[in-house]
Amino acid sequence: MDLATVLLLHKSSFIVGAICFFYVRWRSKEPGLDFLAIGYGLLGFASTLAGAGEQGALPYEVWTFGSFSIGVTGYALMTMGLLRLSGRQSKPADWLLPAIALSLSATVGGMHWHADNQIRAALFNGDTAAFLGFCCFVILKDFFPERLPARWGLLASLAAAMGFSALVVVKMIAPHYGPIEARYAFFMLIICHFAIALFVIVLVQERAEAQLKRLANTDVLTGIPNRQHFLASIPNQLRTGDAFVMIDIDHFKGVNDRYGHEAGDVVLVGVAQAIAAAAGSGCMIGRLGGEEFGLFLRDQTEATGLAMAEQIRRAVKALGFAAGKETITPSVSAGVALWRGDCNAQKLRDRADQALHLAKRGGRDRVELYADLPGLDKRPFSVIPAADTRHSSSGQHPRVEQRAA
């Protein structure tokens with residue numbers, strides 16, 4: 001394949017990529033796509049200058065320096081876009097990348113290195129390999145907080161492009177030892193740039209699908225899993241040590257009636273966050289509806305199950321929500337049931353619910369354990385907390401804020 005055809009395909013790959021990035025940016029609003037589009041556009045323009053120069057349509061000094069400076073700036077902006085897309089955040093330090101590219105361009109122009117084909121190609125591809133290598137590092141690092149499969153495809157495409165750019169550098173520095181002809185390396189770079197654009201679009205799509213899945217599985221108000229997702233996550237096959245905890249906010253209707261539903265929402269969110277924090281990451285949690293929450297835990301005993309529920313009760317009791325001159329101090333009642341090999345998940349949840357109702361009948365702000373064992377008294381075991389002081393006074397729908405209790 002002749003050089004003119006390679007340059008035409010090279011330019012086309014960047015133009016198509018830029019159009020795709022602009023379109024996806026318009027539809028998704030993902031960060032970094034705008035810089036990717038501009039970077040690809042600049043690289044397409046640089047390739048156009050090089051093609052025109054090779055055909056004698058432009059002065060040698062113009063197209064060599066122009067294609068070099070615009071090209072390295074394009075790769076800098078492309079790298080900047082990938083960093084922002086990967087981390088989903090903008091950092092002022094990102095602007096160091098185009099600053100480095102402009103400094104390199106000024107140095108090359110000042111030293112007239114662009115006039116030498118070998119030096120120009122070696123510097124350009126060395127700069128390209130460095131930018132792409134940095135992209136590989138960031139894409140891999142950000143995989144752990146966001147495990148999307150498209151990251152592997154994007155990483156492989158970037159690594160391949162970096163490798164072929166490095167091979168061009170070797171060919172320019174040591175022509176007799178270069179493992180691949182420059183034009184073949186450029187042809188492979190065309191495929192790599194198409195692949196980079198493809199996997200960027202796939203990454204954006206996978207991210208959107210993951211977001212939709214999170215929204216479908218998350219309670220909008222409290223931010224914890226909703227009833228459907230929580231119940232679907234409970235294993236079908238229970239084992240010894242599995243426990244279910246039902247939790248209900250005491251007198252929550254009174255909070256809504258006295259302070260208004262907006263205040264009730266603030267209390268509900270604060271209690272949900274306290275429950276999630278106290279329970280930790282080792283258990284499943286969900287909002288079952290209204291002011292009721294559920295927990296599923298594994299490898300528990302009666303003592304540890306009760307201790308977990310009591311820890312949650314105390315964490316909620318420590319909350320305080322400012323309502324004007326008043327303070328709302330919520331409390332919860334909890335029921336705990338352990339699997340003993342004689343029921344399914346639905347029955348286990350029903351037993352925890354029975355223990356919860358007994359806790360509420362027993363005065364609320366307490367924990368009860370379902371203890372319906374053969375040969376034993378059927379009264380559930382209870383944990384009765386020490387008396388707490390509750391603040392209350394008259395008022396009409398004041399503004400509610402959380403206070404440290």
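All of these numbers come straight from a predicted model, not from anything done at the bench.
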* To do: Look up atom CZ in Arg120 and atom CZ in Phe68, then write down how far apart they are to the nearest 0.5 Å.
  =>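 Here the rounded value is 9.0 Å.
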
* Distance, nearest 0.5 Å, that separates CD1 of Ile247 from CD1 of Ile312 ->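 Here the interatomic distance stands at 4.0 Å.
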
What is the minimum heavy-atom distance between [X] and [Y], and which atoms define it?
X: Pro225; Y: His229; result: CB-CD2, 3.8 Å
X: Ala216; Y: Asn226; result: O-ND2, 2.8 Å
X: Phe144; Y: Arg147; result: O-NE, 3.5 Å

* Should Tyr370 and Gln354 count as side-chain neighbours, where that means a heavy-atom distance under 4.5 Å? ->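 Yes, at least one pair of side-chain atoms sits under 4.5 Å.
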
* Mind checking whether Leu104 and Ile100 have side chains closer than 4.5 Å, heavy atoms only? ->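 Contact flag for Leu104/Ile100 side chains = no.
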
* Report the C-alpha separation of Met80 and Ile38 in whole Å, then their side-chain angles, then the decisive distance to 0.1 Å, and conclude whether the side-chain contact (heavy atoms from CB on, under 4.5 Å) test is met. => CA-CA 11 Å; Met80 187 174 174; Ile38 296 171; over 6 Å; no

* Would Phe244 and Trp339 count as a close aromatic pair, with their ring centres under 6.0 Å? ->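 Not under 6.0 Å, so no.
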
* Kindly determine whether Glu302 and Arg340 satisfy salt bridge (charged side-chain N to carboxylate O under 4.0 Å, His left out), including the steps that lead there. => CA-CA 11 Å; Glu302 291 186 354; Arg340 302 186 181 92; 3.5 Å; yes

Residues [X], [Y]: salt bridge by 4.0 Å N-O rule:
X: Arg84; Y: Glu30; result: no
X: Lys213; Y: Glu209; result: no
X: Glu206; Y: Arg151; result: no
X: Glu368; Y: Arg361; result: no

* Asked: Applying the ring pair (Phe, Tyr, Trp, His ring centres under 6.0 Å) test to His114, which of Phe65, Phe124, Trp63 qualifies?
  ->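 Only one of Phe65, Phe124, Trp63 forms a ring pair (Phe, Tyr, Trp, His ring centres under 6.0 Å) with His114, namely Phe65.
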
* Candidates Phe22, Tyr40, Trp95, Tyr75 - the one meeting ring pair (Phe, Tyr, Trp, His ring centres under 6.0 Å) with Phe35 ->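 Single pass found, and it is Trp95.
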
* Taking atom CZ of Phe45 as the centre, does the number of heavy atoms from other residues, nucleotides or ligands within less than 6.0 Å exceed 12? ->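 No, not enclosed.
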
* May I ask you to decide if Leu203's main-chain N or O and Gln205's side chain share a donor-acceptor pair within less than 3.5 Å? =>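 The answer is no, because no donor-acceptor pair under 3.5 Å joins these two groups.
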
Establish, from distance only, whether the side-chain atoms of [X] and [Y] form a donor-acceptor pair under 3.5 Å.
X: Gln346; Y: Arg349; value: yes
X: Arg314; Y: Gln311; value: no
X: Asp250; Y: Ser333; value: yes

* Could you go step by step and tell me if Val267 and Leu319 meet the side-chain contact (heavy atoms from CB on, under 4.5 Å) rule? -> CA-CA 9 Å; Val267 173; Leu319 298 175; over 6 Å; no

